[in-house]
2 protein chains.
Amino acid sequence: MRWDPLDEKIVTLLVADSRRSFAELGTEVGLSASAVKRRVDRLRADGVITAFTVRLDPAALGWTVEGYVELYCRPSTPPAAIRRACAGLAEVVDASTVSGDADALVRILAADMRHFEQVLEQIGAEGFVERTKSVLVLSPLIRRPPPTMH
Amino acid sequence: MRWDPLDEKIVTLLVADSRRSFAELGTEVGLSASAVKRRVDRLRADGVITAFTVRLDPAALGWTVEGYVELYCRPSTPPAAIRRACAGLAEVVDASTVSGDADALVRILAADMRHFEQVLEQIGAEGFVERTKSVLVLSPLIRRPPPTMH
DNA sequence: ACTGAAAGTGCGTGACC
DNA sequence: GGTCACGCACTTTCAGT
């Protein structure tokens, strides 16, 4: 997979604003519009850029409460079971199996505290969940995409 | 702020692919191209859509190790200090102050385990950090944008 | 192999109904 | 919200280095 400073610049610019025209990107990195398009097509084909999308503001959508839930599961619970359970809850925006005491760490968005509690109860009601431990996000400090430089 | 089922459909479609044309979005939701554009402009002005961007694959960029670090800070450490420290580390992709025993929870991407350890040392070297506790992500199960329905 | 240039199609954009 | 018209962007093809 190729990756040179021009790719890095282009990706950085696209992360900031994916609607800039190829011509505009070209003048910023010193290439023609078609050369930029070819690189973007290659970056998509290589899987570096997985999608063109929009970033949403959870608060503007009414999600005011955010929290992390540690899942302690019954012995030999398969990750697929955890994934299935989380996929069924729209409030789960992030879930991973983790090392350490807990088996999985789940990030949740809820409309309010009562809603958060309800989601917590739904997770706890899953057969494979022995107990949960949750922390609430007080204030988000940083939220950014993966860095592009090595 | 207005929010009807058509807005929800449009936002959902844009999250999946923000390069669909307004005309194409229009045929899917039953509106004309300009009507869709007006709604998208309004959603941006209202702060629901915060940016048009690209989603990157950390693994394709060489970030193979992911982990969470709990920060235990000295008494009365201001959140701004935590933010400044995290902002200086490119490997920090997410940071929030949290309730519970720890003061902050930080998500980190690293090239490999040795790199992860180095980042951990840099965080620990901050004056306000008393100790850290970290967990490694074994396998990501779910990663999705905030839900659009209420 | 990768770049730049040109051409035709389709799209974004704004004014008007 | 729909329709229309203008200008620009995207996309492909072709040729140069």
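Sequence lines set the chain letters: A, B, ... in the order given, protein chains first and strands last, and positions in each chain run from 1. Values in this document were obtained by computation on a predicted structure and should not be read as measured data. All values below were derived from every heavy atom in this structure, side-chain atoms included, with hydrogens, water molecules and symmetry-related copies excluded.
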| In whole angstroms, how far is the P atom of D:dG2 from the NZ atom of B:Lys37? | 15 Å

| request: State, yes or no, whether a side-chain contact exists between A:Leu25 and A:Leu14 at a heavy-atom distance under 4.5 Å. | output: yes

| Rounded interatomic separation in angstrom, taking CZ from A:Arg39 and C1' from D:dT11 | 18 Å

| said: With a 3.5 Å distance limit and no angle check, can you tell me whether B:Ser96 reaches the backbone of A:Pro140 through a side-chain donor-acceptor pair? | reply: no

| request: In whole angstrom, give the distance that lies between atom CG of A:Asp41 and atom P of D:dT13. | output: 13 Å

| query | Out of D:dT12, D:dG2, C:dT13, which has the shortest distance to the side chain of B:Leu31? | reply | D:dG2

| field | A:Met1 atom CE, over 12 foreign heavy atoms within 6.0 Å | value | yes

| task | Using heavy atoms and a sub-4.0 Å distance, could you list which residues of residues 8-16 of chain A are near DNA chain D? By number, please. | result | none

| remark: Distance col, row B:Glu91:CD vs B:Leu120:CG, nearest 0.5 angstrom, shows 11.5 Å

| Has A:Arg74 got more than 12 heavy atoms of other residues, nucleotides or ligands less than 6.0 Å from its CZ? | no

| said: Reading DNA chain C from 5' onward, which residue's closest nucleotide shows up sooner: A:Arg19 or A:Val36? | reply: A:Val36

| task | Write down the distance between CG (A:Asp4) and C1' (C:dT3), rounded to a whole number of angstrom. | result | 13 Å

| Under a 4.0 Å N-O cut-off, is there an ion pair linking B:Asp46 with B:Arg2? | no

| Contact class for A:Arg2 (heavy atom, under 4.0 Å): base, sugar-phosphate, or nothing? | sugar-phosphate

| said: So B:Thr53 and A:Pro145, do their side chains get closer than 4.5 Å, heavy atoms only? | reply: no

| message | Just by distance, no angles: are the side chains of B:Glu70 and B:Tyr68 close enough, under 3.5 Å, to form a donor-acceptor pair? | response | no

Can you name the atoms? Protein N/O to nucleotides 3-9 of chain D N/O, anything below 3.5 Å, with the distance.
residue : atom : partner : partner atom : Å
D:dT3   : O4   : B:Ser34 : OG           : 2.8

